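Written below as structure tokens is the structure these notes are about.
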Amino acid sequence: MKILKIFRINAIWVQIALAFLGTYGMSYLGGLMGISNVSFSVSNILLMSVVYILLSQTKQNLIKISEPKQRRRRCLYAEIVSFLFCVTMIMGYQLQVNGLTECGVKGKGLILLRAACLSAAIFPLVNLLFQGIEKLTRHPLSDNAKSEEQNIIPQHQKRMPWKPMAVFAVSTLVIFVCLIPVWLAYYPMIMSYDFHRQVNEAAKGFAWFWPYQPIAHTWVIWLFLQLGQAWGNLEAGMAGMTLLQMFLYSLVTAYACTFLYRVVKKKWPVVGAVAFFGIFPLNSVMVICSTKDVLFSIFFLLFALLIAERFFFQQSQNKILRDILILVTGCLMMQFRNNAIYAITVFGILWVLFAARKEKLHIFFLCVLLIVGGKGGSIAIKTAIGTTLEAPKVEMYSVPIQQFARVGCYHGQELDEEMWTLLNSCIRSEVWGDYNPPIADTVKSSGVEFDVSGQGHMKQFLQKWFRIGSRYPNEFIDAFLELTRGYWFWDDKSYAECLGYGTEGRMGVIYTYNSSEIEGYGEIAHVSKFPWLEEQLEKIVSANVFFQWPIISIVFKGAFYFWSLWLLFICFLYLRQKKQAIFCLLPLAYMATMLLGPVVQMRYLFPIMVTLPVLASLLVMPKEDNVSLDR
């Protein structure tokens, strides 16, 4: 009895120590957030008491898990998520407030140490998240809960109150109707981003199509430009392109709603998904944009749904047709973003590695055909169009460009002659001052000197990169973190303000300015048919008023979708849902390519945004390998 009492006393002191460390971590973060003298405040006593109580309740909840192995598993996963969240919050605020993270090995070590302290306070909340996921997905860990689970009717055996085809038809109609007012508000379409370049290439002819933007997308603009000229109204031609995007988006997102319904067998998730796809401003406004990301996201979602059919709804009589559709959709998708082929290649390799032995060969050939078809398709389109222009290689080097520019901007005056010459050979010294941490385009378009396309040039580039990076490692790390901050830092604003914001410039979270002047013709006019709605939407997507909305503002942040994707993957691993975890590697592989991009923008996240409802529905997918497809 005395030994047990000693153990209880020790446990109490450990809990007090954790509460103190958690309070220290929160005080440090509060100081970064601008709360002055937070460590000095007497309110820390109250804060530590709250943390202590939360840790006590968490301890009681964990004791209810009778299996020690499962309890350790919960603690491990919750601590990993807590620690990663705390690291990103500390680094994010250091960058946002100070312009850099703490330097050197000691500085980075302090970041990790403070994150570990802060995670003691965050752990109870993350533990509640995992506990809630278990209840939602009916994957309880205790023996008593397991005995109760035996009485639960499996999800795939439940009857559905609606017919899937009816869900698809109604969802298509409702989503399309919801988009019409937004289309009228921005009539004929939002002609921003790279539209000015592409529309001029389309007006000049096929030989001018530059692969800087996907040729397939420039061809779509050309097609509707031709229709507009035939109709005698270029605005009508662009309106036709918008209607096509709206129609395809409505069909594919309705398919996503139907897939979700077949999994969860409930009405409310379908209603929520339809509202998300049709009404949520970031989705509805984006669909009206002329950027390639709209059609890419539509085909990405369709490709993901077809892969999901193969993973979770096995039907032997449709296997050949389904694989053909996967192949065609995947190849078509890759024509609308140049980095898609890299994501598919990585996903294909991982899919083959983790596939069942009996399917490895079949999946290998399917993935090879996808990669060959995607690359071959782009070559075939370029040949058919007849353009001889080549895509610039510099687009692949946004991260090193920012790293070089940051070194030049911060240390240009103190560089020795050898280092100055080396850095100037990569980025001209005249543009070092143009360094803009969240976007590479300001330097990339004017100051890049290196060429990595020739033989041996890549080796020379890597040697330069390593020499400069070894001298200034912190600048290299911070340049990457600044360029990707909008993805991983919850309180980031740079993703929506990197080039400004406001209803005058119309360059907030979504760019809605009109950039459609054609040489020798003039500008394709933007004539709103619904000015009041445009004014309200502009407050959201250009003036970024959502930052003033408590709680709701979270769903307008890029980090919400990045973290949601990672948390779903971690939950799949935690729940031992192997198929779901492998399927999640598809959007994760695409997300990895975005980390090497020139800027964080919501249009880049659009494919992830529209795919998340499908991924979330898979949490409640039955464990059976084969699930019959409901008619």
Side-chain angles (χ1 to χ4, degrees), residues 81 129 132-133 136-137 171 175 249-250 252-264 266 268-287 293-294 296-309 311-312 333 337 340 343 347 486-488 490 495 509-510 546 551-575 577 579-595 600-621:
V81 173
L129 172 65
I133 289 293
L136 177 66
T137 58
S171 298
I175 293 171
Y249 175 82
S250 300
V252 177
T253 53
Y255 178 21
C257 293
T258 308
F259 182 92
L260 184 151
Y261 179 63
R262 288 156 58 200
V263 173
V264 301
K266 294 179 180 178
W268 66 265
V270 178
V271 175
V274 169
F276 175 72
F277 289 128
I279 300 176
F280 183 54
L282 294 186
N283 288 337
S284 60
V285 174
M286 183 61 68
V287 176
D293 300 276
V294 177
F296 171 74
S297 299
I298 291 169
F299 291 123
F300 184 90
L301 176 58
L302 180 58
F303 180 73
L305 286 165
L306 291 171
I307 292 288
E309 293 280 357
F311 268 57
F312 306 107
M333 172 193 68
R337 274 211 72 91
F347 170 68
Y487 289 134
W488 49 263
W490 281 90
Y495 77 97
V509 68
I510 296 178
F546 56 83
I551 308 300
I552 299 174
S553 64
I554 291 176
V555 297
F556 289 86
K557 296 181 179 181
F560 173 80
Y561 300 97
F562 180 83
W563 271 92
S564 295
L565 176 59
W566 275 105
L567 284 174
L568 281 170
F569 179 66
I570 291 171
C571 286
F572 291 148
L573 295 177
Y574 174 68
L575 297 171
Q577 295 178 322
K579 279 192 173 184
Q580 284 88 328
I582 296 173
F583 173 72
C584 201
L585 294 173
L586 171 61
L588 282 173
Y590 173 69
M591 191 76 230
T593 67
M594 292 163 60
L595 293 174
V600 176
Q601 289 187 341
M602 292 307 297
R603 68 187 181 107
Y604 296 155
L605 280 164
F606 194 38
I608 304 297
M609 291 170 61
V610 295
T611 308
L612 276 175
V614 176
L615 291 171
S617 71
L618 297 178
L619 282 171
V620 297
M621 175 67 72

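Just so you know, residue 1 is the first one in the sequence shown, and it goes up from there. In this text, all values refer to a predicted model and were calculated from it rather than measured experimentally.
In this structure, CD1 in Ile133 is found 10.0 Å from OH in Tyr574, a value given to the nearest 0.5 Å. Rounded to the nearest 0.5 angstrom, Ile298 CD1 and Tyr249 OH are separated by 8.5 Å. How far CZ of Phe296 is from CG of Leu301: 11.0 Å, rounded to the nearest 0.5 Å. Note: Leu588 CG to Thr593 OG1 = 11.0 Å, rounded to the nearest 0.5 Å.
With hydrogens and angles disregarded, a donor-acceptor distance shorter than 3.5 Å links the side chain of Gln577 to the backbone of Leu619.
Pairs passing the salt bridge (Lys or Arg N to Asp or Glu O under 4.0 Å) check and including a residue from residues 560-572, sequence neighbours excluded, do not occur. Applying the side-chain hydrogen bond (donor to acceptor under 3.5 Å, both in side chains) definition to pairs two or more places apart or across chains, those involving residues 603-621 are Thr291-Arg603, Asp293-Arg603, Gln601-Arg603.
Contact of the Phe311 side chain with the Ile582 side chain is registered, since non-hydrogen atoms from C-beta on lie closer than 4.5 Å. At least one side-chain heavy atom of Leu306 sits less than 4.5 Å from a side-chain heavy atom of Tyr255.
Here the shortest heavy-atom pairing between Ala308 and Phe259 reads CB-CZ, 3.6 Å. The two residues Phe606 and Ser297 come nearest to each other via the heavy atoms CD2-OG, 3.3 Å. In this structure, Leu615 and Pro587 approach most closely via the heavy-atom pair CD1-CG, 3.9 Å. Heavy atoms only, all atoms of each residue included: Pro269 and Val264 are closest at CG-CG2, 3.8 Å. Across all non-hydrogen atoms, the minimal contact from Tyr590 to Pro607 is CE2-CG, 3.5 Å. Heavy-atom minimum distance, Ile175 versus Cys257: CD1-SG, 4.5 Å.
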Expected list for residues 556-573: side-chain donor-acceptor pairs under 3.5 angstrom, two or more places apart:
unit_1	atom_1	unit_2	atom_2	d
Lys557	NZ	Trp490	O	3.2
Tyr561	OH	Val555	O	2.5
Trp563	NE1	Trp488	O	2.9
Ser564	OG	Phe560	O	2.5

Tell me which donor-acceptor pairs under 3.5 Å the side chains of residues 273-285 have, and how far apart each pair is, sequence neighbours excluded?
unit_1	atom_1	unit_2	atom_2	d
Asn283	ND2	Phe276	O	2.9
Ser284	OG	Phe280	O	3.4
Ser284	OG	Pro281	O	3.4

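Shown here are the ring pair (Phe, Tyr, Trp, His ring centres under 6.0 Å) partners of Phe299, two or more places apart in sequence or in another chain: Phe336. Checked against ring pair (Phe, Tyr, Trp, His ring centres under 6.0 Å), Phe303 has no partners two or more places apart in sequence or in another chain.
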### Audit row: Leu605, Tyr487, side-chain contact (heavy atoms from CB on, under 4.5 Å) steps and yes/no
CA-CA 9 Å; Leu605 280 164; Tyr487 289 134; 3.8 Å; yes
### Message
Let's go through Phe312 and Val263 carefully: what are the C-alpha distance in whole Å and the side-chain angles of both, what is the deciding distance for side-chain contact (heavy atoms from CB on, under 4.5 Å) to 0.1 Å, and is it a yes or a no?
### Response
CA-CA 10 Å; Phe312 306 107; Val263 173; over 6 Å; no
